Every structure is written in C-alpha cells, then in structure tokens.
A.B. asks: 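Okay, here's the structure, questions in a sec.
Computed from a prediction, not measured in an experiment: that's the story for all the values here.
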Amino acid sequence: MKKVALALATVAAATVFAPEASAVPAFARQTGMACSACHQQHFPIINAFGRAFKAAGFTMMGSQEKIEGEGLSIPGVLNAAVLMKARFQKTNGTEAADNVGGSTTNSGQWQIPDELSLFFGGRVAEGEMLKVGMIMENNMAAAGALIAGIRVPMVVDLGAATVSVIPYITDALGPFYAYTESSTGVTRGIRWAEHRTDISAHQYTGIGAGQTSGLALVVRNDMGYVNVSKFSPSFTYGPGAGVGMTSTAISAAWTPTLAGWNMIIGAESLSGRSQKTAATAAVNTTGTGFDIQAHGELAGMEAGVYITAANTPADSTYGEKSASTVGVDVTVVPHTLSLGAAYRNGKKAGVSDNAVTLTAVYDLFQNVALHANYSMYSGDAYTNSTTAIGKTGDSLFTGLLEAAW
C-alpha cells in the first residue's frame, strides 16, 4: 500500500475555542513531501494517500535524517509546527446598550488569536511488523492545561490488514479522535467546513466532540476499518489521573471506489456510562451516527459530497438532539478556490433548528488560507421569542485567516 505524507488538520470551532491540529507541516518535514500530497481539495480534508499515512501511525519518512541502531529508528529532529488562526465573527442579534466595540459577536468581534498551537508528530519506532507513531497538540493561547491532545498509534502490519492499539486523550475532539478517516465531522478535528454544528450532525448532537480519554483497537484493510474504543468523557493526565473508562465507542466504515468516486460509508455508536471526574456521578454516553463521504469530480472539477445523520436521547449527557446534513464542496479554481453549501435539518428537545450554510476557502499558499462561512438559521428555535432570536440572531458569518509553519 502506497503511503504518503499527511498534515493532519482541523479548523476552529464556530462558537468556542478549542485547540485542534490544522494544516500543520510537521509531517511534511518528516516525509519531505508537500502538504497537498495527502489532502483533498483543501485542509483539513484528507485523501486516500493521507488516510494510508494515518493508518500506518504517522511513521513514514522521506529523506530526512534518521538516528538508527539496533531497535531504534527515529527522525534526526523532533518534527514540530505552529498554527495560528485569527477570525472575525458577526451575528445579527441585538447588542446590549452597555456593550461597546464588539464585546459580543452581534456588533462584530475580532478574535486574535482564535487559536495558537504547537504540534509535534511523527515516528516513534519502526520495525518489520510493528510501527509506533504519535501526534501531540499543545495549546499556547487559552488558560489551563498545556496539552490539548495526544494519541500514540501502535500499528502491527499483518500484510492483508493492520491492527492498531491507540491510547489517546483530547480536550475537545471527542471519542472518535483515536481513529477516523472521514472528513464529515465524525470527529471535530477533521471536517470539511468551519461551522461545525451547521454542516455535521455528529457535531450538532455532540457525539463527535468533547473531552475524552480512551484506548482504541482498530482493524483496517483496503476495504474499510473497525474502531472499538473504551473511553471516559474526561480530559485528565498526569500520574494517577483519570477515571474508569466504562463507555464504548464503535465505528465501522466501508471504503470502496464506486463509479470513480472514493467513498467512506460509516456508522458510529456510543454506549455505556462513565464518570467525567472522580468527584462526579456517572453520565450516560449514548448516541448513534451515520455518514457518507464521496470524493470525485463534478463537471471536471474536484468535489466532495458529505452526508451525515446522528441522534442522542434525552438521558444522554449530550441531551436530546437529532440532525441530518448534506453538503457539497467544489474546487472551482484548482489548488486555489473551493466553494460549498450545506443544509442541516435539526431538532433539540423536539424543537426544529435548521441551517443553510455557504462556504469558501481561498488558498494563498498550501499553508496559508482564507476561510469564509455564512449560516442562516430557521425553525421554531428562532421564531420563539424566548429563545435565541433577538439575542444572537438567526445568522452567523465567520471570516478566518489560517497559517501554519
């Protein structure tokens, strides 16, 4: 199986700060390959080559110097990258009289930096059958813990398939952070557009986001993969930290090529009860999801089609929510400009909550991009005077500058 470089990516949340990997060139340094080798259309969407690199535990190397000996094979340098994001957000709600100069997004608000993160990633060890890699995300902007997430895939290559054991923690990216190849938003860190809850049912319901500590077992071959993870909805690290991982996350995906389109057809399930901290009562971590990703061409232009559905019951820690989304992202100027649109049909506690989103990504360089998302909301959640209308309004614009080096 051919493996090429991956620059794991994500984009900032539409409503709350969360450090996430995005268009970071740490892996490009390790492999000596351009970031575009592993990305479909634009960051953070990964193509088949990038998925293969991820499946091999981020261990592939190019011409970069190695330090090798008996039982040792590591890069000559620790590969790192910095990511900075600056964004402007505008909602059309009513600004309070004593809020001056953009103290809320209703009058327009600059968020600089929206994100400032330091990443390390690459090979830890490689032998004939066993490969060990890592990616670590470190927060340099928000108060609190330095580490925002880490996972260490240990991959056994059996020829016809790989079997991976992946310990992981994340402060925001959810129980499928350990492993997914989908860019639909199954995990918060890999989604095709900025407004995550508007273009992904998994993000709307919450099953694809949140604090998580876990241990995953992943089996993968050319036809797909299965990921079974025991987890707790908590973010803890340090000697003796953590609580019992008594919840279960399962995802399974079929990855065929159909009529020239590279597909990922997946299903996700969360079950069980776990504590968030040792001092809190256990919560139900229950929900289900389904997603389809198709990468191919429309009218000779590179394109992605993204379909998701998800549901969480009232007794779940995520609350009673359901949604389905469909989105299309088309590259109208190769390697430069992509335009997209998405529709969400959602409900919170039985109240309709719908969205139409328009997206644009303009790549100034492979590692510098401008993003624009505009979402328009409708449904009972916005016509009922006791809810959001008049406070945050029924539209959201986000303009974002993203740069990584």
Side-chain angles (χ1 to χ4, degrees), residues 11-18 87 89-95 104-106 109 172-176 182-188 191-210 233 267-270 283-292 305-329 340-359 371-398:
V11 282
T15 58
V16 65
F17 177 89
R87 73 180 181 183
Q89 288 200 315
K90 177 72 172 69
T91 47
N92 67 336
T94 302
E95 185 75 273
T104 78
T105 57
N106 286 327
Q109 187 177 78
L173 306 188
F176 301 109
S182 173
S183 300
T184 59
V186 168
T187 186
R188 176 174 177 163
R191 62 185 190 271
W192 66 274
E194 281 287 313
H195 286 181
R196 63 185 182 94
T197 61
D198 301 334
I199 58 90
S200 170
H202 297 68
Q203 296 303 306
Y204 181 83
T205 58
I207 67 172
E268 300 78 33
S269 172
L270 301 181
V283 295
N284 290 332
T285 52
T286 51
T288 56
F290 176 77
D291 67 301
I292 298 175
V305 178
Y306 306 94
I307 300 171
T308 71
N311 178 77
T312 53
D315 64 352
S316 168
T317 188
Y318 310 105
E320 183 183 356
K321 300 176 186 177
S322 64
S324 58
T325 69
V326 58
V328 179
D329 189 30
Y343 174 72
R344 180 193 74 206
N345 180 269
K347 285 188 176 181
K348 290 183 180 179
V351 178
S352 60
D353 183 11
N354 307 320
V356 173
T357 301
L358 304 177
T359 72
H371 298 254
N373 279 199
Y374 180 68
S375 293
M376 299 161 284
Y377 305 108
S378 63
D380 291 341
Y382 298 92
T383 57
N384 185 333
S385 61
T386 64
T387 56
I389 190 69
K391 297 178 182 179
T392 59
D394 56 4
S395 72
L396 169 66
F397 170 79
T398 299

A.B. asks: Could you grab the distance from atom CG of Leu396 to atom OG of Ser375, nearest 0.5 Å is fine?
C.D. replies: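 Here the rounded value is 6.0 Å.
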
A.B. asks: Consider side-chain hydrogen bond (donor to acceptor under 3.5 Å, both in side chains). Of Asn354, Thr357, Asp353, which one does Arg344 pass it with?
C.D. replies: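 That would be Asp353.
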
A.B. asks: For the pair Tyr377 and Tyr382, name the ring-plane relationship: parallel under 30°, tilted 30 to 60°, perpendicular over 60°.
C.D. replies: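 Aromatic pair Tyr377/Tyr382 classed parallel.
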
A.B. asks: Take Leu270 and Phe176 through the side-chain contact (heavy atoms from CB on, under 4.5 Å) test and state the conclusion after the steps.
C.D. replies: CA-CA 10 Å; Leu270 301 181; Phe176 301 109; 3.7 Å; yes

A.B. asks: I'd like to check the side-chain hydrogen bond (donor to acceptor under 3.5 Å, both in side chains) partners of Thr205; sequence neighbours left out, ordered by chain and number.
C.D. replies: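 Thr205: no side-chain hydrogen bond (donor to acceptor under 3.5 Å, both in side chains) contacts found.
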
A.B. asks: State, to 0.1 Å, how close Phe290 and His202 come at their nearest heavy-atom pair, and which atoms those are.
C.D. replies: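 Distance-wise, the nearest heavy atoms are O-CE1, 3.4 Å.
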
A.B. asks: Which atoms form the tightest heavy-atom contact between Ile207 and Ala310, and what is the distance?
C.D. replies: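 For Ile207 versus Ala310, the nearest heavy atoms are CD1-CB, 4.1 Å.
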
A.B. asks: Ignoring hydrogens, what is the shortest heavy-atom contact between Ala201 and Ala323? Give both atom names and the distance.
C.D. replies: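 So the minimum-distance heavy-atom pair works out to CB-O, 3.4 Å.
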
A.B. asks: Answer yes or no: is there a side-chain heavy-atom contact under 4.5 Å between Thr285 and Tyr318?
C.D. replies: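 Side-chain contact under 4.5 Å: yes.
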
A.B. asks: Please report the C-alpha distance between Thr308 and Ser200 in whole Å, then the side-chain angles of each, then the deciding distance to 0.1 Å, and finally whether the side-chain hydrogen bond (donor to acceptor under 3.5 Å, both in side chains) criterion is met.
C.D. replies: CA-CA 6 Å; Thr308 71; Ser200 170; 4.6 Å; no

A.B. asks: Rounded to the nearest 0.5 Å, what's the gap from CZ on Arg196 to CG on Asn373? Could you check?
C.D. replies: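 So the CZ of Arg196 and the CG of Asn373 are separated by 13.0 Å.
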
A.B. asks: Which pair of heavy atoms, one from Tyr374 and one from Ser395, lies closest together, and at what distance?
C.D. replies: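 Looking at all heavy atoms of both residues, the shortest contact is OH-CB, 3.6 Å.
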
A.B. asks: Which pair of heavy atoms, one from Thr359 and one from Ala341, lies closest together, and at what distance?
C.D. replies: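 Answer, listing the atom of Thr359 first, then Ala341: OG1-N, 4.3 Å.
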
A.B. asks: When rounded to the nearest 0.5 angstrom, what distance separates CG in Leu358 from CE in Met376?
C.D. replies: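 Reported to 0.5 Å precision, the distance equals 4.5 Å.
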
A.B. asks: Does the side chain of Thr325 come within less than 4.5 Å of Ile199's, by heavy atoms?
C.D. replies: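 Not in contact.
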
A.B. asks: First locate atom CG of Asn92, then atom CG of Asn106, and finally report the distance between them rounded to the nearest 0.5 Å.
C.D. replies: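 Between Asn92 CG and Asn106 CG, I get 7.5 Å after rounding to 0.5 Å.
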
A.B. asks: Please enumerate all residues that pass side-chain hydrogen bond (donor to acceptor under 3.5 Å, both in side chains) together with Thr312, with sequence neighbours excluded.
C.D. replies: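 Partners of Thr312 under the side-chain hydrogen bond (donor to acceptor under 3.5 Å, both in side chains) test: none.
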
A.B. asks: Drop me the distance from Arg191's CZ to Thr197's OG1, to the nearest 0.5 angstrom.
C.D. replies: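 So the gap between those two atoms works out to 9.0 Å.
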
A.B. asks: Is it true that the side chains of His195 and Thr398 contain a donor and an acceptor less than 3.5 Å apart?
C.D. replies: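 Checked: His195/Thr398 side chains pair up, N/O donor to acceptor below 3.5 Å.
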
A.B. asks: Is the backbone of Gly208 close enough, under 3.5 Å, to the side chain of Gln203 for a donor and an acceptor to pair up by distance?
C.D. replies: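 Pair found, side chain donor or acceptor close to backbone of Gly208.
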
A.B. asks: Rounded to the nearest 0.5 Å, what's the gap from OH on Tyr306 to CD1 on Ile292? Could you check?
C.D. replies: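 Answer for the OH-CD1 pair, Tyr306 versus Ile292, is 13.5 Å.
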
A.B. asks: Please report the closest heavy-atom contact between Ala342 and Trp192, naming both atoms and the distance.
C.D. replies: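 Heavy atoms only, the tightest pair is CB-CZ2, 3.8 Å.
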
